[in-house]
Each structure stands twice: as C-alpha cells, then as structure tokens.
Amino acid sequence: MASGSAAEGEAVSGAQLIAESLKAQNIEYMFGIVGIPVTEIAIAAQAVGIKYVGMRNEQAACYAASAVGYLTGRPGVCLVVSGPGFLHALGGMANATMNCWPLIVIGGSCDRNQETMGAFQEFPQAVRTSIYGRPGSCYIDIPGDFVNLQVNKSSVKYVECCLPPPISMSECSALSKAASIIAHSKQPLLIIGKGAAYSHAENNIRKLVDLCGLPFLPTPMAKGVVPDNHPNCVAAARSTALQHADVIILLGARLNWILHFGLPPRFRQDVKVIQIDICAEELGNNVRPAAILLGDINAVTKQGLALQKSLPMNYYTVFHHIRELIPKDCILVSEGANTMDIGRTMLPNYYSCQRLDAGTFGTMGVGLGFAIAAAMVAKDQTPEKRVICIEGDSAFGFSGMEVETICRYNLPILIIVVNNNGIYTGLDADAWKEMLKFGDPATCVPPVSLLPNSHYEEIMSAFGGKGYFVKTPEELQNALKASVSDKQTPSLINVMIDPQSERKKQEFHWLTRSNL
Ligand code: ADP
Ligand code: MG
C-alpha cells in the first residue's frame, strides 16, 4: 500500500495495519462476530471505509462473506474469534471451497512469539490465493497481541493491491477439436454452471447459444446466464435432455452429484464431453472428456466466437444476426424448408397478423406476392413498418421475377435469400465440379441441387434496387444495417451459407422424412 503520508515516528496499531492492508486489496465487505482479540480489527476496518456487518453466528457470517466473493469477484472477509468462533466458521469455509468462491477468514488466536511478525505479507497472498486459479477460501490467523501492538509506521512494509487474476485461454487445437465435435453432433447440449456465471461470460455464451442454435441447461446457480425464457432452454425437460445428448459442453460445472456424475443411466454411455474449466485438476473427473479446454470461460467462449466467424455461416448464425438487426415491429414474410422452419423459432413476432408464410397448404412461391401485398397495405395503414421477406434460395426461385414488380412500384421491401445452393441441402462449388465429371448434369447432379453461388442479388440490382452478396457474418451485418436504415429503396441480401447446414434433428421422423 502506498501510503507515504505518515509522518516519521507516527505509530500504527496491528488492527489498523490489518484494516489498511485489506483496504489496499480492494476488500469492501467484512462480516463477523467480534470478541477478544478481534474487536479492534472490526473498528479499524470501519475507520478505513470497509463495511462491517455484525452477524449472530460465525457460520452465517462466513456464508455471507463467501457470497460477496461470488458476486463481486473480490473476496469478502469473515472475522471470527479464536476457538469456537473459528470452528463455527469452518462450515462456511467448506461451503466456499466446495462452491469455488473466494473468501478470506480472519481469526484471532492467542498471543504470538516473535517469528510471526511478517504476517502482513499474508494479505496479498491470501487475496491472490482466493481469487487466482480456481477460487476458494483462505484462512489467516492473527495472534491476539498483534492486534493492539503499536509499531512505528515507517517500519511497516506496505504492499500494493495484488493484480487481478490472470486470464488464461485454451489451446487452439483443443478448441478446433471441440468445434468439430459440436459440428458433427446430433443432439448437443450445453450445460452452464456457476463457474460461467462467476466469470461473467454471459454475453459470449448468449451469442454462442444463438449462433450455434445450442440447446442449454443451466445448473441452479447458473440460471440467468442465458435467460430462462430463451427458446433453447431445456430446463423443463432436464432428464430427457441429459439422457439423450450425444455431446455435452460443460461450461464451468462439475460432473458431481448435482449432474449425476456424468454417468449412465442419467447420461448416455457414449456421451462425448467437452469440458471447459479453469482448474486443470477438475478435467477428466468421472468421465473421460472428448476435448478439454483449460481456461477462463469468458476468454474461451470469446475464442469460440472468433472461430465461429471463420467458418461458413449456418442457419442459426444468419438468423441470429437478422434477429439482432431488424426492427421488432417489422412484418415478416417467410418461405422455404429449413429457412422457414428455423426462422420460425429464431425470429420472434411481437404483434398479431405480422407473419405470413407457406401457410396451411405449405405453398412455396407465395413469398414475394405476400410481401408486395404487405408493403402496399403498410404504405396506407402503418407506413413506419418495414416488410422483410426471408426466403430459401429454392423458394425465391418460384417467383423471383416479382422483384421487377417491387422495383416498378418502388416498394421498400428487404428480401433476404438464405442460399444453400439447393432444396433442403445443396453442393458447394467444388463438389458441383466433381459431380459434373461423371457426365450429363441431368443424370448425375442430385435433384435437390441448384446452381452453386447463384447471384440472386443481381436480379435486384438489374431493376435499380440494391443487391448484396454476403459470405461472412460481418458482411451480413453491414448489409443488414445498410438496408434496414435505407427506408426508400428495395433491397436483396443474398446470404451464402454452408450448403450442408441443417436444422437440429427432429424426434418425429414422419414430419420431416421428406427432408433428405
Ligand atoms: P455448478 O454447481 O453450477 O454445477 P460447480 O461449482 O460444480 O458448478 O462448478 C464450477 C466450476 O467452474 C468449477 O470446476 C470451477 O473450477 C470452475 N470455474 C470457476 N471460475 C471459472 C472461470 N473463471 N473460468 C472457468 N472455470 C471456472
Ligand atoms: Mg435452399
């Protein structure tokens, strides 16, 4: 602590030094029960601006101090007297250790001999130990006579606040391995634990859930990292979700009794676990993981997001960005197979009569006609509302020439074509070329394929509207921002996605069996 203001020869008590040292470590809260010899410590703590809460039992005080650690990331202090006071605090210390929550317990003990004079050094050490690596509880024992001892301030060696915990990231190869396991999974499940809450990774995790379309299950104290009312939350079907997942992404949770040790019959025998934790010793506990990512959850999930950006987009990524950037009150028109199905879950509607799609008859080709009608009616009744028409590439093909009509009447419709080069799924340009080597396209090209990388946006620019061809999330965001803010001009964003991108497998095959 850099307190150079003390005059030469000024005396300072042990209690004051303890309080000042805690303050220097950014400790803000102290809970406890005072008595000999720690009363002076509580008084001194108040004097330096630490909030002291006197409790009725050391155990409750210790629970309170540990919860402060979880909520703020800096340890709370629990102050107890020697003997029974300390013993009562043990329950709280054990609870903090088990929860991985930072905590410092200070206990008074009998008078010391000379050797323990260096005890103040233990404060930064205790703070570091409680918050670095896996967080947990620390105990500092203060000899009784130390508290009231007066020493010359100039003889005290003040120590600065320890640095915030270093942030560690995962090894890149482990990250790619995890990404590939998730990409090949059929029933992935993200389990979010309180380690994720503690690391404040909520923004990254929310994005990952959306971008990858991941179903998630929070543990009790991780509720709210992603809001409970998110459509991907499977908490209401917890047992089924655990039992059927083929890949589990374990984000700051342990496979202990709360998660049935990760073992059958609550989990599949062949479940692949991707484990992400800050504590190396935790990795591989009970279940041999398929991939291990050692690091801080906030940092690792950020790495995951960066990796996601370099991969071809899938439906979930596209709809995530659309959802973020279109107005809440727009009129949504949608058709296509996966495009319409996934869009229905990913794009919320907030008003009645503002969604038009393939309808009862499952008709493809209705989209542009519906969009033109909606734009005409909106012009007369609700001119502030935008019409946004989200089409699969095959669905767009049924009535793409109506783009000319849209431009002729200058209707500011935004058409988004989610282009996977086909009906249900398509081929990429390379696979297409390979396919042609086998002969006449009429005999060798799969019937679901359409011409790869078709520039549908040029139909829009051909008639004077704005066309965008986008391949990356960033290009998509820019095109969406430009076309949403331009309220005069019709536009078309042609979004290339991974031709093999699909929706999560459905349990009811008879509904989707025609989807090759
Ligand atoms: P839950 O009770 O929610 O299942 P647990 O207490 O079992 O959660 O697990 C929390 C895990 O989070 C612990 O293994 C701990 O090491 C880990 N953890 C704590 N902080 C971080 C962090 N910043 N980054 C990564 N893992 C963390
Ligand atoms: Mg398609």
Side-chain angles (χ1 to χ4, degrees), residues 66 69-70 73 95-102 130-136 164-170 191-202 204-205 217-225 248 250-262 275-286 292-303 314-315 318 335-343 364 390-398 416-427 448-452 454 456 494-503 515-516:
S66 67
Y70 177 59
N95 194 59
T97 302
M98 292 308 287
N99 269 338
C100 313
W101 289 358
S130 73
I131 58 177
Y132 281 29
R134 171 182 270 177
I167 306 289
S168 48
M169 296 202 292
S170 159
I191 297 181
I192 308 174
K194 61 181 170 318
Y198 181 74
S199 78
H200 282 287
E202 54 271 18
N204 295 341
I205 298 174
L217 177 72
T219 64
M221 273 199 249
K223 277 160 68 71
V225 170
I248 294 231
L250 196 63
L251 213 51
R254 282 170 290 183
L255 291 177
N256 53 19
W257 66 276
I258 293 185
L259 286 168
H260 320 287
F261 309 106
Q275 198 176 4
I276 304 155
D277 205 288
I278 204 164
C279 173
E281 288 83 347
E282 184 59 39
L283 300 165
N285 218 350
N286 295 335
I292 46 179
L293 283 70
L294 175 64
D296 172 70
I297 289 173
N298 194 34
V300 175
T301 48
K302 202 163 161 192
Q303 285 180 285
N314 60 27
Y315 286 104
V318 171
E335 61 177 331
N338 290 331
T339 299
M340 187 173 71
D341 291 344
I342 301 172
M364 293 300 143
I390 303 175
E391 303 267 313
D393 53 335
S394 123
F396 176 73
F398 284 92
I416 301 169
V417 177
V418 186
N419 189 349
N420 68 345
N421 300 338
I423 308 166
Y424 309 125
T425 57
L427 298 175
V448 290
S449 293
L450 296 170
L451 192 68
S454 293
Y456 296 113
N494 182 12
V495 192
M496 297 310 302
I497 64 167
D498 181 350
Q500 297 298 313
S501 170
E502 280 190 79
R503 71 167 145 173
N515 291 13
L516 301 174

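Atoms within a ligand are numbered from 1 in the order they appear, just like the ligands themselves. This one's a predicted model, so the numbers in the text were calculated from it and none came from an experiment. Numbers here are sequence positions counted from 1.
Checking only distances, I278 does come within under 3.5 Å of ligand 1, N or O to N or O. The shortest N/O to N/O separation between I258 and ligand 1 does not fall below 3.5 Å. For the pair R254 and ligand 1, the shortest N or O to N or O distance falls below 3.5 Å.
Taking the Mg ion (ligand 2) as reference, the nearest N/O/S atom within D393 carries the name OD1.
Under the 4.5 Å side-chain criterion, counting only non-hydrogen atoms from C-beta, C100 is not in contact with Y198. Taking 4.5 Å as the limit, some side-chain heavy atom of L259 sits within range of a side-chain heavy atom of L250.
Exactly one of D277, T219, I276 qualifies for a side chain to side chain contact (heavy atoms under 4.5 Å, CB included) with L251. That residue is I276. If you run side chain to side chain contact (heavy atoms under 4.5 Å, CB included) between I297 and each of L293, T301, V300, only T301 comes through.
Every atom of ligand 1 is numbered from 1 in the order shown, and the set under 4.0 Å from a heavy atom of G295 is 24 (N), 25 (C). For ligand 1 and C279, the ligand atoms under 4.0 Å from any heavy atom of the residue are 16 (O). Ligand-side atoms of ligand 1 in range of G193: 3 (O), range being under 4.0 angstrom from any heavy atom. Atoms of ligand 1 found under 4.0 Å from any heavy atom of S199 (numbered from 1 in listed order, with element): 22 (C), 23 (N). Close approach of ligand 1 to N256 (heavy-atom distance below 4.0 Å) involves ligand atoms 7 (O).
What sits closest to atom 15 (C) of ligand 1 on the protein, heavy atoms only, is D277 OD1, 3.4 Å. Distance from atom 3 (O) of ligand 1 to its nearest protein heavy atom, with residue and atom name: T219 OG1, 2.5 Å. Regarding atom 20 (N) of ligand 1, its nearest protein heavy-atom neighbour is Y198 CD2, 3.7 Å. In this structure, atom 6 (O) of ligand 1 lies nearest to the protein heavy atom K194 NZ, 2.6 Å.
Ligand 1 is never approached by A299 to a heavy-atom distance shorter than 4.0 Å. Taking 4.0 Å as the cut-off, R134 counts as a neighbour of ligand 1 on heavy-atom distance.
Residue-environment remark: CD1 (I423) exceeds the threshold of 12 foreign heavy atoms within 6.0 Å. Counting heavy-atom neighbours within 6.0 Å of M169 CE, excluding the residue itself, gives a total of 12 or less.
Among the atoms of N420, an N, O or S atom falls under 2.8 Å from the Mg ion (ligand 2). In summary, G426 places no N/O/S atom under 2.8 Å from the Mg ion (ligand 2), failing the contact criterion.
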